[in-house]
Amino acid sequence: MSLVRLLPALILVAALGITGLAWNHERQVTQKALQSQFDFLLRETIGRVEQRMATYEQMLRGVQGLLAITEPTDRDAFSNYVGALQFDPNFASIQAVGIIKRVPAALAPSHVASMRRLGFNDYVIQPAGVREVYAPVIQREPYVGRNRMRPGFDAWSDPVRRSAMERARDSGMAAISGKVQLVVDSGADAPAGFVMYMPIYTRGQAQDNLAGRRAHLAGWIFASFRMSDVIASLYGEKPPGLAFSLFDGVEPTEAALLYRAAETRSRPAAFAANEYLVVGGNTWTLSVRSQDDFETRFGRNSALIIAATGVSLGLLLALLTWLILTARTRALQLAANMTQEIRESEARFRDFFEKNSSVMLLIDPTSGEIKEANETAATYYGYPRTQLAGMLIDEINTLPPERVAEERQKALHEERNYFLFQHRLASGELRDVEVHSSPVVSGGRTLLFSIAHDVTARKQAEQRVVETLRSSEKDLEGRVNERTAELSSTIERLKQTQVDLAQADKLASLGALVAGVAHELNTPIGNALTMASALEEAAIELDAMVAAGGLRRSVLAAHAQKSKGMAAIVTRSCLRAASLIASFKRVAVDQTSEQRRKFDLHALVDDNVAAIKPSFKKAPWIIEVDIRADIGCDSYPGPLGQVITNLIQNAAAHAFDGRTSGTLRVYATCDAEMVEMIVEDDGKGMEPAVLAHIFEPFYTTKLGQGGSGLGLSVSLNIVTGVLGGTLQASSDPGYGSRFTLRFPRIAPSQVAQPRKDRRRREQPSEG
Amino acid sequence: MKKYTLTTTNRRFLGGIFFVLACLGGSAQAGPDCSRPLTLALHDHGLLYSAATDSGIDKDFADELIRRSGCKVAVSFMPRARIWQLIESGALDFSLSGITNAERDRFAAFAWYFSNKYYLLVRKDAGVRGLPDFERNRDLQLGVIRSFRYSETANRFVDTLHDANRLSQAGGLTPLYQALILNRIQGMIIEPFDYPALEEKQIRDLTAIIEFNDPPVPHGVIMSRKALSMTEQKKWRELVEGMRADGTVRRIFEKYFKPELAAAMVDFQAP
């Protein structure tokens with residue numbers, strides 16, 4: 001086990017050991033001190049009791065002395081004497097002092113008689129009975145209270161008292177009886193008492209030997225006591241921390257109990273002793289026990305304090321030792337830990353520095369000396385590492401040294417960290433380098449950590465790029481011009497195409513118109529033809545019937561009727577055809593001519609609608625026209641009609657595409673100058689994305705389905721151009737679309753426009 | 001050098017000088033100072049003194065000593081412990097049959113007149129054959145009289161038991177006998193003048209006696225150093241020596257003991 005672990009443990013053990021010893025010693029000392037104190041108090045108690053008894057004996061000696069000089073029969077003398085003793089509280093314990101006369105049996109009657117003569121009329125010796133010797137109490141003083149009890153009690157009759165009386169007689173000294181109940185205390189609960197007897201011998205007779213004493217005994221004087229009173233007068237206060245009991249004899253039994261002090265113990269007494277007193281030839285057992293407050297009074301807590309202090313100090317000491325022993329180790333460990341980080345960091349940096357593929361230098365900012373260079377630097381510059389580290393950077397940097405120093409300062413103060421220099425290699429070759437330099441703190445000093453990248457190649461490449469760019473620029477300019485010229489001509493052609501397409505569209509619509517007309521004409525003409533045929537057949541029939549000669553009037557009437565009808569149909573049909581042609585003619589003229597004229601809007605619209613209605617005869621939608629009859633315009637009806645037709649056609653093609661019903665409304669309002677005509681439908685409507693492009697040329701959503709995408713574009717052109725108005729479209733997807741035409745009732749005059757188209761000469765219109 | 005021989009002339013001359021000196025010495029040489037009443041206390045202890053009968057060896061010795069001194073000495077009776085207290089304080093002049101030790105020697109002077117050994121009286125049923133047995137058995141109580149000291153081994157024995165709280169103290173012998181009979185104590189220390197009591201109280205049958213292996217301890221007249229000067233002490237000592245020399249002490253002892261025992265006690269080498 002190492003010293004570090006052993007020593008603190010040893011110290012702890014030693015400290016604990018010492019503490020243990022000290023604690024034990026202290027405990028023993030405390031115990032001894034308490035024992036001494038207890039012994040002392042016991043001795044003191046014993047002494048007090050013995051002394052008090054001696055005092056009582058002295059008092060009786062006084063009485064004995066009195067009786068030595070007075071007649072035993074002089075009751076007053078005795079009374080006065082006892083009175084003079086002044087039983088103060090010190091003697092308050094004496095119940096009575098009295099005289100016992102020894103009366104042999106023979107002298108008993110005369111004794112009784114003389115007592116009666118003294119005034120005790122019913123004097124008898126109690127207890128009654130014939131005995132050899134009587135020892136009646138003839139006087140008790142002080143004659144108060146209980147002591148007023150009648151005299152005559154024969155103490156000799158009580159064995160306990162008798163034993164004491166005999167001892168007194170034989171020794172000539174005071175003798176104390178065992179436990180008795182005093183005669184003056186009657187009742188069951190009489191307190192424990194005892195009597196002290198002092199012998200009285202006949203005056204003038206020999207008393208100095210046993211025989212003499214026995215022979216010349218006259219009587220006794222006695223003092224009677226209640227033990228409780230004695231103890232009470234013995235102590236001002238109880239002995240501190242102790243309680244004692246007194247027993248008569250050697251055994252502490254209940255029967256022998258003379259006195260017991262109240263105990264205040266909650267646990268067994270720490271100290272106890274029984275001692276045998278010999279007082280007045282009688283043995284008392286004094287039983288003393290320490291009370292709870294004995295230890296508090298006389299004891300000390302120092303043992304516990306020592307233990308606690310010792311243990312804690314021991315622990316502290318052991319800890320301290322351990323700390324001291326390990327201080328060095330711990331400090332070293334701490335240092336190693338701290339430097340570990342630094343060393344690792346250092347190692348990492350070194351690795352990074354050494355093995356880096358970039359040129360790295362550590363330069364002293366003030367002197368410009370290269371403190372360290374990595375392998376790559378050595379290789380790059382062409383100097384061995386040992387030489388390179390030690391050179392001045394000025395030897396490498398091509399700038400004047402003052403400038404280099406300036407730049408170093410800038411780097412040091414972090415004003416700049418990116419530099420472009422030219423460095424000279426060992427071979428003399430000049431290279432362009434890009435240097436990143438920033439200050440680092442190493443070993444207490446600040447150095448410049450510089451990384452250099454060779455950018456010579458890059459620079460050259462940059463140079464070439466610049467040149468290439470310049471030549472490219474020129475090329476590009478030329479080509480751009482070329483292209484622009486090409487594009488311009490293309491645009492011209494496209495414009496022409498647009499015009500051509502517009503024309504084509506016009507022709508197409510015209511074509512559609514013609515087709516429609518043809519189709520429309522087919523019907524009336526067909527009807528007329530049919531009817532004409534029928535008429536012809538009927539005429540042939542009639543002719544046949546006439547020829548046959550059986551022509552009846554009814555047949556003829558019928559025939560005539562039939563012929564009338566048929567002829568009417570023919571007429572009607574031909575009229576219809578003629579009107580169709582007329583109206584188509586107007587439209588066609590209008591359509592093909594851009595001739596300006598005055599016209600009625602309502603009529604125009606009607607005409608146009610009528611013209612195209614046939615193509616939509618089978619459509620599920622209807623056209624409603626709601627235009628006042630008196631909107632006169634001075635404008636170009638042809639183009640306007642084209643626009644209207646186009647709008648209607650669009651509605652038909654797009655709005656009602658796939659619908660089973662619909663309404664197209666054409667209505668107009670006007671004021672003095674402007675006409676507003678609205679063509680609206682409740683068809684599919686257009687999405688906003690579509691709406692945005694509808695006026696663009698070639699924009700169609702029905703490419704491949706006959707839509708050229710030019711309709712609205714042309715219409716817009718017409719409205720804004722020739723008509724001098726505006727055309728706007730709005731739509732609510734799912735609900736319908738609305739086209740709003742606004743144009744002046746009197747169209748603006750035309751400005752001649754350069755056209756490269758092949759236009760037919762405008763024909764004069766008829767309307 | 002010239003030899004000095006005790007010629008008759010010389011003897012007479014010397015005798016004369018002595019006579020003059022003796023006269024000059026005055027009554028001091030004659031006997032103790034009796035100018036004040038002296039006090040002597042006895043304690044109840046077997047044959048030495050019995051309070052019940054007011055008789056004993058010490059009583060006889062006291063009477064003789066007082067008679068020889070010619071002084072007025074009041075004889076009283078008190079417990080031994082109190083005697084030592086009063087001897088120390090000087091309130092009591094004399095007591096008898098005391099032994100010395102270092103503490104007592106400071107306040108008491110002695111005039112030896114007998115010596116005896118000490119014995120351990122132990123109940124047979126305690127199973128004790130030697131002192132170590134008694135010490136070992138923690139249940140055994142020893143009874144002693146308060147303030148009594150004994151021979152060396154006995155003192156050690158008593159002190160050991162005292163530390164172990166195994167002593168029962170008493171003011172006199174009587175309760176110790178009673179306690180021994182009742183088995184409240186199992187042992188007590190006795191001296192030869194305690195023997196008759198053993199016979200009387202039928203203790204002999206219950207008990208065995210174990211010797212303390214010490215030489216006999218001299219007992220003597222106790223004189224309070226505080227109360228009596230060195231010269232007085234010397235005078236009283238001389239009286240005692242006189243009583244010894246002329247066989248008075250032996251006679252007194254022979255009243256109570258068999259001649260051999262009396263001789264053993266009275267004939268001793270005074271330390």
Side-chain angles (χ1 to χ4, degrees), chain A residues 28 31-32 34-36 38-39 42-44 46-51 53-54 57-58 61 163-164 166-176 199 207-214 247-253 270-288, chain B residues 41-46 49-56 59-60 62-63 74-86 89 91-92 141-148 159 161-185 188 201:
Chain A
Q28 281 177 354
Q31 197 66 12
K32 271 213 171 87
L34 282 172
Q35 183 71 48
S36 299
F38 181 78
D39 288 344
L42 176 65
R43 194 165 63 239
E44 205 229 6
I46 301 268
R48 247 189 235 229
V49 173
E50 284 176 346
Q51 278 314 102
M53 292 299 132
E57 190 178 323
Q58 278 308 107
R61 276 201 198 284
S163 156
E166 283 173 342
R167 277 187 277 121
R169 172 200 65 193
D170 293 345
S171 66
M173 295 189 293
I176 290 176
Q207 302 160 16
D208 53 1
N209 59 29
L210 184 61
R213 289 194 280 269
R214 284 185 179 172
F247 300 89
D248 183 37
V250 182
E251 286 189 292
T253 60
F271 301 93
N274 285 356
E275 182 147 341
Y276 308 111
L277 282 86
V278 180
V279 281
N282 199 34
T283 301
W284 281 345
T285 301
L286 181 77
S287 176
V288 182
Chain B
L42 298 171
H43 70 289
D44 187 296
H45 195 102
Y49 179 69
S50 165
T53 56
D54 191 28
S55 63
K59 179 82 175 21
D60 298 341
D63 290 341
V75 178
S76 55
F77 169 72
M78 60 180 70
R80 193 50 156 180
R82 186 134 181 87
I83 287 175
W84 285 113
Q85 281 174 351
L86 296 181
S89 67
L92 182 64
Q141 288 274 109
L142 184 75
V144 295
I145 298 172
R146 186 175 269 281
S147 84
F148 260 56
D159 291 342
L161 293 176
H162 173 259
D163 290 341
N165 245 337
R166 288 166 57 189
L167 286 186
S168 286
Q169 303 214 31
L173 278 175
T174 322
L176 287 180
Y177 291 135
Q178 291 170 348
L180 191 69
I181 291 168
L182 292 171
N183 202 18
R184 298 194 71 78
I185 57 173
M188 53 188 284
K201 299 179 200 287

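So that the names make sense, note that chain A is the first sequence line, chain B the second, and so on, each numbered from 1.
Annotation: side-chain hydrogen bond (donor to acceptor under 3.5 Å, both in side chains) contacts of T285(A) (sequence neighbours excluded): none.
The closest side-chain heavy-atom distance from R146(B) to L42(A) is below 4.5 Å. Looking only at side-chain heavy atoms (C-beta outward), I46(A) and Q169(B) stay at 4.5 Å or farther from each other. Counting heavy atoms from C-beta outward, R43(A) and S147(B) have side chains that stay 4.5 Å or more apart.
Across all their heavy atoms, P175(B) and T283(A) have their closest contact at CB-CG2, 3.4 Å. Minimum heavy-atom separation, T53(B) to R213(A): O-NH2, 2.9 Å. Closest of all the heavy-atom pairs between S171(A) and A51(B) is CB-O, 2.7 Å.
Your options are I145(B), L167(B), D44(B), N165(B), and the one with the most heavy-atom pairs under 4.5 Å with chain A is N165(B). By number of non-hydrogen pairs under 4.5 angstrom with chain A, the leading residue of G143(B), A170(B), A179(B) is A170(B). The candidate with the highest count of non-hydrogen atom pairs below 4.5 Å against chain B, out of Q35(A), E166(A), E57(A), is Q35(A).
For E50(A), the part sitting under 4.5 Å from any heavy atom of chain B is the side chain, from C-beta outward, and nothing else.
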Identify each donor-acceptor pair in which a side-chain atom of residues 74-85 of chain B lies under 3.5 Å from a protein atom, sequence neighbours left out, and give them as a table.
{"unit_1": "R80(B)", "atom_1": "NH1", "unit_2": "H43(B)", "atom_2": "ND1", "d": "3.4"}
{"unit_1": "R80(B)", "atom_1": "NH1", "unit_2": "S95(B)", "atom_2": "OG", "d": "3.0"}
{"unit_1": "R80(B)", "atom_1": "NH1", "unit_2": "L96(B)", "atom_2": "O", "d": "3.3"}
{"unit_1": "R80(B)", "atom_1": "NH2", "unit_2": "L96(B)", "atom_2": "O", "d": "2.9"}
{"unit_1": "R80(B)", "atom_1": "NH2", "unit_2": "S97(B)", "atom_2": "O", "d": "3.1"}
{"unit_1": "R82(B)", "atom_1": "NE", "unit_2": "Q51(A)", "atom_2": "OE1", "d": "2.5"}
{"unit_1": "R82(B)", "atom_1": "NH1", "unit_2": "Q85(B)", "atom_2": "OE1", "d": "3.4"}

